[in-house]
Amino acid sequence: MRIDILTLFPEFFASPLKQSILRRAQEQGAVSFRVIDLRDFTTDRHRTADDRPYGGGPGMVMKLEPLVAAIRAVRAEDEAVRVILLTPAGGLLTQKKVQDLAGRGHLLLICGHYEGVDDRLSHYVDEELSIGDYVLTGGEPAALVVADAVVRLLPAVLGCEGSAAEDSFQTGLLDHPHYTRPRVFEGHAVPEVLLSGDHAAVARWRRQEAIKRTLRRRPELLSRAALSPADREFLARLTEISEQQDG
Ligand code: 6GU
């Protein structure tokens, strides 16, 4: 897979792309990154990428011409590239969307900046994505989030270090808790069942902890989670108990 990133701040990506899984994925040949400096597509002496908003108001707006010239240059290399604008006004990035993107051969991630991007850019991109309901100073951290989430799904990237199939959100539940040595740390003990060697009991406990956690922290996820009859029975008992406590 190829991931191109179009940005006013190319240096932002220098270190993150050299670390950990993103680095290994590039070394394995699973992905190649290219960071494109938007200013290389400006045509004036001052390399202007922004301008004042029509209608007035604070802040600056990213100009169309350099953005469209850069998109055209990438599309000329590969007409199948998926062009994505990162903006807090976009649709929400979900694990389902990440899976969709991981199945494409080539992404162009465009980092929005200033107060926003001239809205007519929508005619030149395939989609607009936000990574959550909060505001960043620019799309660069969001582009990294998208790249990281996509790359870890590529075949052979995670290997045995993790199984994407068991991810929270893949299963529709938050992940169960994890523990490693020591058995007791400052009075906090590891749950006994994990030391029992009883694999079925461990699996059951993990599943139930995931359900408990999801109910407590993200109850809205439960309606869409894939739950077995045993899961539903456990969940019913949990809600019964919490209703007794409330009443
Ligand atoms: Cl993609 N950009 C900015 N600036 N803020 C955000 C975002 C994107 N997603 C969430 N907040």
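Note: hydrogens, waters and symmetry copies are ignored here, and every other heavy atom, side chains too, is used. Counting convention: from 1, in listed order, for ligands and their atoms alike.
- The side chain of A142, and not its backbone, has at least one atom closer than 4.0 Å to an atom of ligand 1 (non-hydrogen atoms only; side chain from C-beta on).
- Of the protein's non-hydrogen atoms, P88 CD, 3.3 Å is the one closest to atom 2 (N) of ligand 1.
- Ranking protein heavy atoms by distance to atom 11 (N) of ligand 1, first place goes to Y134 O, 2.6 Å.
- Of the protein's heavy atoms, L136 O, 3.1 Å lies nearest to atom 4 (N) of ligand 1.
- Taking the charged nitrogens against the carboxylate oxygens, R120 and D118 do have a contact shorter than 4.0 Å, which makes a salt bridge.
- Using a non-hydrogen distance threshold of 4.0 Å, L129 registers as a contact of ligand 1.
- Hydrophobic clustering (side-chain heavy atoms under 4.5 Å, transitive across Ile, Leu, Val, Met, Phe, Trp, Tyr) keeps L238 apart from L221.
- Those atoms of ligand 1 with a heavy atom of I131 less than 4.0 angstrom away are 9 (N), 10 (C).
- Under the 4.0 angstrom criterion for non-hydrogen atoms, G112 is not in contact with ligand 1.
- In this structure F9 satisfies the ring pair (Phe, Tyr, Trp, His ring centres under 6.0 Å) test together with H113, sequence neighbours excluded.
- Every N/O-N/O distance between T137 and ligand 1 stays at or above 3.5 Å.
- Of the protein's heavy atoms, G132 O, 3.1 Å lies nearest to atom 10 (C) of ligand 1.
- Salt-bridge formation is detected for the pair R218/E220: a Lys NZ or Arg NE/NH1/NH2 atom is positioned less than 4.0 Å from an Asp or Glu carboxylate oxygen.
- Note that CG of L101 is 12.0 Å distant from NZ of K96, once rounded to the nearest 0.5 Å.
- With a 4.0 Å cut-off on non-hydrogen atoms, T87 touches ligand 1 through its backbone and not its side chain.
- For the 3.5 Å distance criterion, the side chains of E140 and T7 qualify, holding a donor opposite an acceptor.
- For the residue pair E192 and S196, no side-chain donor N or O sits within less than 3.5 Å of a side-chain acceptor on the partner.
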